[in-house]
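What you see below is based on every heavy atom in this structure, not just the backbone, and it leaves out hydrogens, waters and symmetry mates. We number each residue from 1, following the sequence as shown. Please read these numbers as outputs of a predicted model, since none were measured by experiment.
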Amino acid sequence: MAVHSGAERVLAGLDPEQRSAVTAPAGPVCILAGAGTGKTRAITSRIAHRALTGEISARHVLAVTFTARAAAEMRARLTTLGVPGVQARTFHAAALRQVRYFAPRLLDGRAMPELLDSKVRLVTLAAARVGLRADRAAARDLAGEIEWAKSSLVEPGEYVVAAAKALRETPHEPAKVAEVFAAYERLKRGNGVIDFEDMLRAAVWGIEEHADVAEQVRAQYRHFVVDEYQDVNPLQQRLLDAWLGGRDDLTVVGDASQTIYSFTGATSSYLIDFPRRYRDAVVVRLVRDYRSTPQVVGLANAVISQARGTEARLRLELRGQRPPGPEPELRIFTDEPAEASAVAARARALIDAGTPAREIAVLFRTNAQSEAYEKALTEAEVPYVVQGAERFFERAEVRQAMVALRAATRSIPGETPLPAAVVEALAAVGWAPDAPPAGGAARERWEALAALVQLAEEYAAAPAVLPIGEAASVERPVTLADFTEELHRRASQQHAPTVEGVTLASLHSAKGLEWDAVFLVGLSEGTLPTTYARTAEQVEEERRLLYVGITRAREWLWLSYAVARSPGGRARRPSRFLPQLDRGGGGERARGTVPGTRPERRRTQVVSCRICGATLLAGPERKLGRCATCPSDIDEELHERLREWRRRVAEAQRVPAYVVFTDATLTALAERRPRRPEELIAIAGIGPRKLGLYGESVLALVEGATVEAVCSQKTFEIEP
C-alpha cells in the first residue's frame with residue numbers, strides 16, 4: 001500500500017502529457033520534449049513510478065545523459081522521489097565503469113591502459129611524424145577531426161571518403177588529416193594508452209565478443225533511459241544496442257530542434273527514426289514550456305517555425321505557461337566595442353536592480369567573441385565567469401582551497417558550524433568574506449572560493465549523510481570532513497557549484513543551462529550563421545543554435561548585433577534568422593520572418609540612443625533619443641512648463657493639445673533640452689512647419705523663460 005501511495009505522489013502535479021510519458025507501458029517510449037517542458041521531471045518520474053509500483057527494480061536501470069551535471073541532477077531527483085540506487089551516468093562514465101570492472105577478464109589479467117585526458121599532445125607528435133607542424137590551436141582542430149571520425153566509426157583508411165561525403169571543413173587537406181589520424185593511432189598503441197572513443201569501443205567489444213560479459217551486463221541492466229537522444233553519435237548508439245541486446249525496454253527523450261552538435265558526429269537520425277525502428281513505440285510530445293515567459297516562447301516559435309529539413313519534421317510549437325513578461329529587445333550598434341559596452345552597462349543595471357549576477361548570461365557564436373565582453377564587464381566592475389574555459393575543480397585556487405580544507409579537518413573543532421569552518425579554512429589561502437575585488441581575474445578567483453562557501457551552506461542545510469551502518473534515527477550536524485569528501489566526490493564527477501558572476505558562454509556550451517536574463521550578441525551574417533555554413537543542412541543547424549540561445553532565457557532577453565566589427569569598419573547585415581520588428585508605435589515586437597528574406601531595411605536617418613548607443617527603430621524611442629528601457633534624464637520643471645505652455649497654445653488655437661505636440665515630444669524636449677533650431681528639428685515629429693510655429697517659444701522655455709513671458713510675446717495662428 002505504501003509503495004502505491006508513493007507512486008501516486010510521483011504523479012501529483014504532472015501535466016497530462018508528462019503523465020502519459022510516466023505511465024506509458026514497458027517497452028519503447030519516445031518523449032519529444034521541447035525546451036523548458038520538464039523532460040527531466042518526466043523521465044525521473046517514469047523511473048520512480050515504475051520502481052515504486054514494483055514493475056522494475058531501481059538497480060536494474062541505467063540512465064545515460066551527456067553531462068556529469070545532468071547525471072547528478074537525475075540521481076538527486078530520483079533520491080528525492082524515494083528511489084535511490086539508479087545508475088545515472090554519462091555514456092563515457094558508464095562505459096569506463098564497465099571496462100574497468102571487466103578489464104582483468106578481457107585483458108588476461110593485465111592492467112587497463114591509462115586513459116588520455118586530452119589528445120592534443122599525441123596529435124602534435126603525430127602531425128610532426130608526417131611532416132606537419134601544428135601549434136596548439138591546429139592540434140586541437142586535428143584532435144576534433146579525429147574524434148569526429150572515431151565517433152562516426154570511421155577508420156583512418158576510410159577518412160578521406162567519409163570526410164568528403166560528410167562535407168567536412170577539414171583543418172588540412174583530407175589525405176594529410178588521414179595520415180595524422182593513422183600516426184596518432186600508432187603512437188597511442190606504442191605508449192600503451194587509450195582515448196575516450198577507444199574506451200567506448202572497448203565496452204562495445206567486451207559485450208559483442210564475449211558472451212559471458214554480455215550476459216552479466218544485460219542481467220544487471222534491463223531498463224534503459226537516454227536523455228538528449230538527438231545528440232547520440234554512431235559509436236554511442238552501437239554501445240546502447242550492445243547493452244540492449246535486442247531488448248526494447250528503452251525510453252528516449254530529445255528535441256530535434258536542439259540538434260546542434262553534428263560537427264562532433266552527433267545525429268538526430270536515431271531520434272527521428274525511433275518510431276520506424278520500434279513499430280509499437282509510444283510517442284509523447286511535451287510542449288508546455290514552464291521555463292520562459294510567453295514573450296520569449298513566442299520569439300522562439302517564430303524563429304524555429306522557419307526551419308526546413310529533416311529535423312523540422314519533429315518541430316514542436318511551445319506553449320508558454322508562465323505569466324507574461326517583458327518583450328524581447330533587439331538592439332543595433334555601430335560596432336562591436338559599442339555593443340559590448342552597452343551589454344556591460346545593462347548587466348550592471350540589472351544587478352543593481354536586484355538580479356543576481358549568476359542569473360545573467362552573455363551568449364555568443366564563437367569563443368573568440370568572449371574577449372570583448374570580458375574587457376567591457378571588467379571596466380563596468382561586473383563579475384563574470386567564462387563557461388568552459390577551465391573546469392571548476394581544476395582551477396588553481398580551488399585545488400589550493402581543497403588542500404586547505406583537508407588540512408583544516410585536523411585543526412578546526414568538530415562542533416564548529418560547517419559554513420564558519422569553511423570560511424576559517426579558506427583564510428589560509430587568502431580568502432575573506434568581505435567586499436570582493438573589482439571585476440576581472442581577481443574577482444573571478446574570489447567568486448570561485450565564495451561558491452565553495454555557498455555550497456557549504458547548502459550542504460549544511462541538507463540531511464546529514466550518515467556512514468553505512470549508522471542508525472537512521474541518529475542525527476548529527478555535517479562536519480568539515482563530510483564536506484571535503486563531498487567536494488572530492490563532486491570533483492570526480494565534475495559536478496561544479498554555481499559561481500557568482502555573469503556567465504560568458506558560447507551557444508554550444510550554453511545547451512542545457514538557463515538564466516533569468518540572457519544577452520544574445522553578435523547576431524550578424526557571417527557570425528550567425530557562420531561563413532562556414534555553406535549547405536542547407538549547416539544553415540539550419542545555425543538556426544537551431546539561435547533557437548537554443550533564445551530558450552535559455554526565463555524572463556528577460558536581449559538580441560543585438562553590430563553594423564561593423566570595429567569603428568569605421570565595413571558594414572554587415574543582421575542575421576537572416578532575426579525576426580522582423582513591428583515598427584508601429586507600440587515598440588519593438590518580434591514576429592517571424594518570411595523564409596529567405598532579410599529583416600526590413602528602411603532608408604531613414606539613423607538615430608542612436610544617447611544613453612547606450614543602440615540604433616533606435618521604434619518611433620517613440622527615436623523621438624526620445626533613447627531606448628525605452630534606458631534611464632530617463634528628464635528635467636521635470638521644464639516638462640511642467642512645456643505642458644502648461646502647450647495647454648495655453650491649444651486653447652488659443654482651439655485644437656486638442658496633441659496637435660501642438662504629443663506627450664512623447666514634450667518628454668523628448670524635456671530630456672534632450674535643445675538649444676538651437678537644428679537640435680530642435682532633429683527631434684522626430686518636429687518638422688520645418690512646427691519649427692516655424694513653435695520653435696522660438698520652445699527654445700525660450702528651454703533657456704528658462706516663464707510660460708507667461710513666452711505666451712505674452714507670441715501670437716499663434718490657428719491650426720487648420
Side-chain angles (χ1 to χ4, degrees), residues 66 90-92 95-96 99 113-206 208-209 228-242 259-271 508 530 532-535 537-538 541:
F66 283 82
T90 65
F91 270 102
H92 290 93
L96 179 60
V99 171
E114 180 185 349
L115 183 62
L116 284 173
D117 286 333
S118 169
K119 293 181 175 67
V120 172
R121 186 181 67 84
L122 280 186
V123 167
T124 303
L125 292 174
R129 292 279 178 93
V130 300
L132 190 67
R133 293 189 60 181
D135 59 16
R136 187 167 182 82
R140 282 199 301 266
D141 290 341
L142 285 165
E145 201 63 15
I146 291 171
E147 287 175 6
W148 168 81
K150 299 185 74 168
S151 297
S152 302
L153 302 175
V154 173
E155 300 298 331
E158 304 165 338
Y159 173 80
V160 173
V161 173
K165 189 175 181 180
L167 302 175
R168 298 290 294 178
E169 291 283 345
T170 59
H172 292 279
E173 193 267 327
K176 204 67 177 178
V177 176
E179 290 182 34
V180 175
F181 185 4
Y184 166 78
E185 291 295 309
R186 290 192 296 270
L187 276 169
K188 200 157 43 67
R189 286 192 295 270
N191 284 272
V193 296
I194 61 174
D195 58 26
F196 283 103
E197 291 76 34
D198 292 331
M199 188 254 298
L200 289 176
R201 289 183 174 209
V204 172
W205 172 73
E208 290 183 346
E209 302 298 328
E228 304 287 3
Y229 195 51
Q230 78 279 351
D231 292 333
V232 166
N233 62 43
L235 178 54
Q236 291 164 336
Q237 181 63 42
R238 185 161 175 178
L239 177 58
L240 177 60
D241 289 339
T259 304
I260 59 173
Y261 295 112
S262 64
F263 66 95
T264 68
T267 172
S268 60
S269 62
Y270 302 115
L271 175 67
H508 283 102
T530 174
Y532 298 111
R534 296 183 177 132
T535 68
E537 292 79 9
Q538 291 167 342
E541 183 147 330

For [X], give me all partners under side chain to side chain donor-acceptor pair (under 3.5 Å), at least two apart in sequence or on another chain.
X    : answer
T259 : none
S269 : T267
S152 : W148

Write out all pairs satisfying side chain to side chain donor-acceptor pair (under 3.5 Å) with one or both partners inside residues 229-240, taking only residues at least two apart or from two chains.
E208-R238, E228-Q230, Y229-Q237, N233-Q236, Q237-D241

Evaluate L115 against V193 for side-chain contact (heavy atoms from CB on, under 4.5 Å), listing each step before the verdict.
CA-CA 6 Å; L115 183 62; V193 296; over 6 Å; no

For R201, give me all partners under salt bridge (charged side-chain N to carboxylate O under 4.0 Å, His left out), at least two apart in sequence or on another chain.
E155

By side chain to side chain contact (heavy atoms under 4.5 Å, CB included) - contacts of [X] (at least two apart):
X    : answer
A182 : P156, R186
E197 : K119, E147, K150, S151, D195, L235
E537 : T535

Flag, side chain of H508 to backbone of I260, donor-acceptor distance under 3.5 Å
yes

Show every ring pair (Phe, Tyr, Trp, His ring centres under 6.0 Å) that has at least one partner inside residues 153-201, sequence neighbours left out.
H92-F196

What donor-acceptor contacts under 3.5 angstrom involve side-chain atoms of residues 122-136, with partners at least two apart or in another chain?
residue: T124; atom: OG1; partner: V120; partner atom: O; Å: 2.8
residue: D135; atom: OD1; partner: A137; partner atom: N; Å: 3.3
residue: D135; atom: OD1; partner: A138; partner atom: N; Å: 2.8

Give me the atom names and distance for the closest heavy-atom approach of A203 to V99.
N-CG2, 3.6 Å

Pairs where residues 160-184 contributes a residue and the test salt bridge (charged side-chain N to carboxylate O under 4.0 Å, His left out) is met, not counting sequence neighbours:
E145-R168, E169-R534, K176-E179

